[in-house]
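Here is the structure we will look at, set down as C-alpha cells.
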Amino acid sequence: MPEYPFWLGGVAASMAASCTHPLDVTKVRMQTLAGSGGSKRPSTLTVIRTSIHRSGVQSLYAGLTAALMRQMSYSLVRLGSYERLKEYISKGKKPTTPQSLLAASLAGGLGGIAGNPADVLLVRMTSDSVRPPEKRYNYPNAVAGLVSLVKEEGVKGLTRGVGTNTFRAILMNASQVGSYDFFKSKLLSHPIPLLDVQLKDSLLLHVVASTLAGTFATTVCSPADVLRSRVMASTEGTTFTHILAKSIKEEGVSFLFKGWTPAFVRLAPNTVLLFVFYEQLKSGWKKLAQ
C-alpha cells in the first residue's frame, strides 16, 4: 500500500486548481459560446478581455468553490484509487505500461462518477456570464448550487452528462496520470535525446514529465471536454445527439478542438503544479511518518 493517505491527491489538485482557475473559466466560456455560421471564433485573449470588461477581474474566479469541490471529489478519487489499483493489478510488482494505463483508466472512471455533480456546477457557474440574463443559473456558491440543482432537477440533475464526463475522465487520467508515470520512468532510465542529459528524481524531472503529460492530455481530451461542457451547460431535455449534430452542422468537426489553446494553457501549468505539489506532499508525508 502507498505510504501516504488516499486524500493527498485531492489536496494537491485543489492547490493546482486555485492557481489555474481563471484559465479553466476561459476554456469553458470558449467551449460553450454559441457558434454562428461563418463567424470568426473569439480568441482566448478576447474572451478574457470581454469577461473583465463586462464583470470585472473577479468574474475569472467564478465557480471557484465548485472547482475546489470537484477536486476534492473527482481528483481525490482518481489519484487516490490509481495508486491502489496499480498495485493490485501488478500484484505488488513494478507495473508495466499497459497495467498503469488500465489502472489510470479505471481510476479515472471512478473519479468521473464521483465528481459529476461538482462538474455540472462548475460548468454552469463558469459559463453563466456568456449566457443571456434570463438563462443564467446564478448559483452564489457550490453548496447553494447543489441544493438548487437537486431542488429544480432532482437527483437526475446530479447525473447530467455523466456518460460524457466519465468517458472524458477515463481519457484524462490515462493520458495525464498514466503518461506522467510513463514519461517519468523513461526520463529516469534514458538520457534526453540530442541533449544527452540524464535526469534524476528531482523537481526538474517532475516539471519536464508533467509538461509532456499535459500536452498529451490536452490533445487526447479536447473532443470529450468540449462535448462535456456543452451537455452540462445545456438546459434539461436537450440530448447529447442533438448537441453533437447541431454543433457539427453549424461549426464543422473542428468544433471538437474549440478552446484547445486555453485548455493547453490551463492544463499544462495545472499538470505541472498538480504533480509538483503531489510529489512534494508525498515526500513531506513520508518524512513526517518516519
Side-chain angles (χ1 to χ4, degrees), residues 13-14 17-36 41-42 44-75 112-165 168-169 225-240 242-243 246-247 250 255 258-259 262-263 266 270:
S14 297
S18 298
C19 298
T20 61
H21 187 68
L23 297 171
D24 199 25
V25 171
T26 303
K27 179 200 69 172
V28 171
R29 288 175 180 173
M30 287 187 73
Q31 291 173 343
T32 53
L33 280 171
S36 54
R41 182 182 304 170
T44 304
L45 290 176
T46 299
V47 174
I48 292 175
R49 190 163 52 243
T50 302
S51 297
I52 294 174
H53 178 72
R54 287 180 179 176
S55 310
V57 176
Q58 69 272 18
S59 69
L60 295 177
Y61 287 89
L64 180 59
T65 54
L68 297 178
M69 179 186 286
R70 176 177 181 264
Q71 299 306 331
M72 290 306 292
S73 51
Y74 161 66
S75 288
I113 294 169
N116 199 75
D119 251 323
V120 174
L121 296 174
L122 178 61
V123 170
R124 291 183 175 185
M125 291 175 74
T126 53
S127 65
D128 240 12
S129 70
V130 297
R131 290 171 163 274
E134 68 276 7
K135 291 186 177 181
R136 292 177 183 173
Y137 293 99
N138 295 317
Y139 298 148
N141 55 64
V143 176
L146 194 62
V147 173
S148 178
L149 179 62
V150 173
K151 188 182 295 184
E152 293 174 9
E153 300 178 38
V155 177
K156 187 179 178 181
L158 300 176
T159 62
R160 183 165 189 80
V162 68
T164 311
N165 195 41
R168 184 256 184 195
D225 207 19
V226 173
L227 290 170
R228 177 198 66 136
S229 293
R230 295 194 177 192
V231 169
M232 290 183 170
S234 65
T235 53
E236 191 174 3
T238 309
T239 64
F240 168 78
H242 174 76
I243 292 171
K246 184 173 182 289
S247 297
E250 294 181 355
F255 90 92
K258 191 172 186 178
R266 172 226 169 235
N270 179 270

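Values in this document were obtained by computation on a predicted structure and should not be read as measured data.
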Non-hydrogen side-chain atoms of [X] and [Y] separated by less than 4.5 Å:
X      : Y      : answer
Arg124 : Arg160 : yes
Glu153 : Thr159 : no
Asp24  : Thr126 : no

Mind checking the OH-CG spacing from Tyr139 to Leu149? Nearest 0.5 Å is all I need.
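These two atoms lie 5.0 Å from each other.
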Arg136 CZ to Ser127 OG distance, which is reported to the nearest 0.5 Å =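 Those atoms lie 10.5 Å apart.
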Determine the minimum heavy-atom distance between [X] and [Y], stating which atoms define it.
X      : Y     : value
Met125 : Ala66 : SD-CB, 3.8 Å
Leu64  : His21 : N-NE2, 3.4 Å
Gly112 : Tyr74 : N-CD1, 3.8 Å

Notebook entry, point to check: Where the side chain of Ser148 meets the backbone of Ala144, is there a donor-acceptor pair that is under 3.5 Å apart?
Noted result: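 Not at all, since once roles are kept as given, no pair shorter than 3.5 Å links the two residues.
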_Residue pairs fulfilling side-chain hydrogen bond (donor to acceptor under 3.5 Å, both in side chains) with at least one residue in residues 50-72, sequence neighbours excluded_ =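 Residue pairs passing side-chain hydrogen bond (donor to acceptor under 3.5 Å, both in side chains), neighbours aside: Arg29-Ser51, Arg70-Asp119, Gln71-Ser75.
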Point to revise | Under the side chain to side chain contact (heavy atoms under 4.5 Å, CB included) test, residues paired with Leu146 that sit two or more places apart | key: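 Side chain to side chain contact (heavy atoms under 4.5 Å, CB included) check on Leu146 returns Pro117, Leu121, Leu158.
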Residues that Asp128 engages under salt bridge (charged side-chain N to carboxylate O under 4.0 Å, His left out), provided they are two or more places apart
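Partners of Asp128 under the salt bridge (charged side-chain N to carboxylate O under 4.0 Å, His left out) test: none.
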